[in-house]
Amino acid sequence: MRWSRYYIPTLKEAPADAEVVSHKLLVRAGMIRKLTSGIYTWLPLGLRTLERAKNIVRREMNAAGACEALMPMVIPADLWIETGRWEKFGDQLLRFKDRNERDYCLGPTHEEVITDLLRGEVRSYRQLPLNLYQIQTKFRDELRPRFGLMRGREFMMKDAYSFDCDDAGADRSYAAMRDAYHRIFSGMALSFRQVEADTGAIGGNFSHEFMVLADTGEDTIASCTGWPECAWAANVERAPVVTGYVPDRSECPAPETVSTPGQHSVEEVCSFLGADPARLIKTLLLVADGTPVAALIRGDRELNEIKLRKLVGADDIRFASPEQVQAWTGAPVGFAGPVGLRGVDRIYADNELAAGNDWIAGANRADAHVRHLDLHRDVTLPIEWADIRNAVAGDPCPCCGRPVELKRGIEVGHIFKLGTKYSESMKAVFLDENGREKPMIMGCYGIGVSRVVAACIEQNFDEGGIMFPPPLAPFDVHLINLDPKNAEVSAKADEIHAFLEELGLEVLYDDREERPGVKFKDADLIGLPAQIVVGGKSLAGGKVETKNRRTGEKSALPAETFADAFPGFWQGVLDSWQR
RNA sequence: CGGGAUGUGGCUCAGUUUGGCUAGAGCGCAGCGUUCGGGACGCUGAGGCCGGAGGUUCAAAUCCUCUCAUCCCGACCA
């Protein structure tokens, strides 16, 4: 493809509304443009990467036995009402009416449509298992779209749905998808982790996420330092802390109230009393479905609200208001403690606190804290010990006991074992070999294809721009003709262009009449894996130059025998992406 | 939805505090010339009713009211 006849509007400066690197670079490289908040146009170069990503997904999905289909984007409300999600999905669902005042929505996900389809088609266990997928534009009216393609409202998603006769079959379908996902992200040359995940609103009983590792990721994952021997990793949202309940029964001096005027936060109290935050107990007051809840964790830890919500069995959990705190503790925010709480009938305490003693905590009195607190001795309310804090670096791996580390990641894939959640509510049933009616066992498997493009860049960039891994690069080779007016240079560049295309490589041929500096900057910005530079200077010496965008390594190949020398260079570029 | 910020040529921004000449710069764009191996230089030129609506004033990009849009932080998710 000749640049002079292509459309790649690169920019020297990043747009003011772009915050993260992938967004800035995608716009600067002329790959996307914003239409409105969370909604983007794919320009030709960006579309090429998107299509390559889709094709890798398609290849592995097909190889794993899934069948591609395409469902409508517009979905009638009836199906959503049937599963109760018309209400539950809330404002994320973009709703509208047709001319006859009938309700519709734009599909944010397609469990309802696929289940509706198959309940009318599948009658017998002989027709199962089935796995159908599609690659399609989804729409979710996000609370807050942000970060360019990372969280758009309109985005490209691959969604697959499996249907099995029994649990064993569903487990096989799940495993097949899990394996396919590993091949997909490996095939994209991305560095990623499979992590245990929370099921969230999609529902079902267990799930894994696939996280592209990048310092700019929105999610935090705990992973075993023993990797790859131990592959355990989990989203901190649900990473278990396995220290367990090990009570410390050592002697503790009698509790003593100390004056701490105006010292609210953990840091303030600790510096005031000269204590380590690890000696302090944070008493967090929350409201779970309207009921007051007290939770205790160590001063240097974070509460995991998801764990607590599950423990309490609530749908909704939030921090108490200052007024509520005042009512339950008799003190302003900042002085809550486990002794003498009112309106709370039990206390949830993190396991870790059992293993310590002689704590500092709030006194439930303005400007006062208690020290020498022994939870086992001094607290009169019943205590429920549990794992309610976020994992931290150094916690033991639940799998092998080695310490875990925390990394940032971008969620690009999520697989769920759904069970019969949808097949029961929508009566998607079949007859088994005994003629008995049973609900199909379902799984669903998503990949945010447009997010993959952003994540790929978040993981692979430098000051100069993008460094595309070969499988996702919009073209394979960036061929630069430094002097298009020079007949000799152009003849050589044209020759190389033709040669590379004959090899089956996709070539972006920069034949523009621009100054060399402009072309070099654009080449680095766009970030194709291999650059080949044909210019008067080096050609006079019988050479053409090459550059590996990832390593920055430059070399010269003989112009005369370029065809013989090129494969070695290209292989070197591919090898530099082996992980 | 709560909190914060920003809207001025295609892009990045100055000017707004303290109202006052014909609204500026850099990049980009068009023409001419000089250049030509890591975003060249000179000259000439096109392009803006200062997000929108109302108001105050002799006078509004600048002050007031309302409104729309975008971005950031928080509650949700591929």
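Here is how names work: the chains are called A, B, and so on, in the same order as the sequence lines, proteins then strands, and each is numbered from 1. All values reported here derive from a predicted model rather than from experimental measurement.
Rounded to whole Å, the separation between the C1' atoms of B:rG31 and B:rG37 comes to 27 Å. Comparing B:rU70 with B:rC11, their P atoms are spaced 15 Å from each other, to the whole Å. B:rG52 and B:rA60 have their P atoms separated by 15 Å, given to the nearest Å. The gap from the P atom of B:rG51 to that of B:rG45 amounts to 28 Å, rounded to the nearest Å. As rounded to the nearest Å, B:rC63 and B:rG26 have P atoms that lie 27 Å from one another.
At least one side-chain nitrogen or oxygen of A:Arg144 sits closer than 4.0 Å to the OP1 or OP2 atom of B:rC73. Residue A:Thr36 has a polar side-chain atom (N or O) positioned under 4.0 Å from OP1 or OP2 of B:rU70. A close approach under 4.0 Å does not occur between any side-chain nitrogen or oxygen of A:Lys138 and OP1 or OP2 of B:rC77. The shortest distance between the side-chain N/O atoms of A:Ser37 and the OP1/OP2 oxygens of B:rA69 is not below 4.0 Å. Phosphate contact (OP1/OP2 of B:rG28, side-chain N/O of A:Lys12, threshold under 4.0 Å): present. At least one side-chain nitrogen or oxygen of A:Arg515 sits closer than 4.0 Å to the OP1 or OP2 atom of B:rA40.
Looking at heavy-atom distances under 4.0 Å, A:Ala18 makes no contact with the nucleic acid at all. Within 4.0 Å of A:Pro15, counting heavy atoms only, lie sugar-phosphate atoms of the nucleic acid but no base atom. A:Glu142 comes within 4.0 angstrom of a base, heavy atoms only. Looking at heavy-atom distances under 4.0 Å, A:Ile447 makes no contact with the nucleic acid at all. Residue contacts for A:Gly464: at a heavy-atom cut-off of 4.0 Å it reaches no nucleic acid atom on any strand shown.
In this structure, CD1 of A:Ile480 is placed 14 Å from P of B:rG39, rounded to the nearest angstrom. Atom CG of A:Asp17 is separated from atom P of B:rG7 by 13 Å (rounded to the nearest Å).
Taking the 5.5 Å centre cut-off and the 30° plane limit, the aromatic side chain of A:Phe155 is classed as stacked on B:rA78.
Judged by the 6.0 Å distance and 45° axis criteria, A:Arg153 is not positioned over the aromatic ring of A:Phe139. Taking the ring axis of A:Trp42 as reference, the NZ or CZ atom of A:Arg33 does not stay both within 45° of it and closer than 6.0 Å to the ring centre.
Of the listed nucleotides (B:rG39, B:rA75, B:rG37), B:rG39 has the atom at the smallest distance from the side chain of A:Val518. Of the candidates B:rC77, B:rU70, B:rG38, B:rC77 carries the atom nearest the A:Arg140 side chain, counting heavy atoms from C-beta on. When distances run from any side-chain atom of A:Glu13 to the nucleotides B:rC71, B:rC77, B:rU12, the shortest one goes to B:rU12.
A:Pro108 pairs with exactly one of A:Glu142, A:Arg140, A:Lys138 by the side chain to side chain contact (heavy atoms under 4.5 Å, CB included) rule, that one being A:Arg140.
Map A:Arg28 and A:Arg151 each onto its nearest nucleotide of RNA chain B; the residue landing nearer the 5' end is A:Arg28. Mapping A:Met150 and A:Thr10 onto RNA chain B via the closest heavy atom, the residue that lands nearer the 5' end is A:Thr10.
Ring centers of A:His208 and A:Phe416: at least 6.0 Å apart, outside the cut-off.
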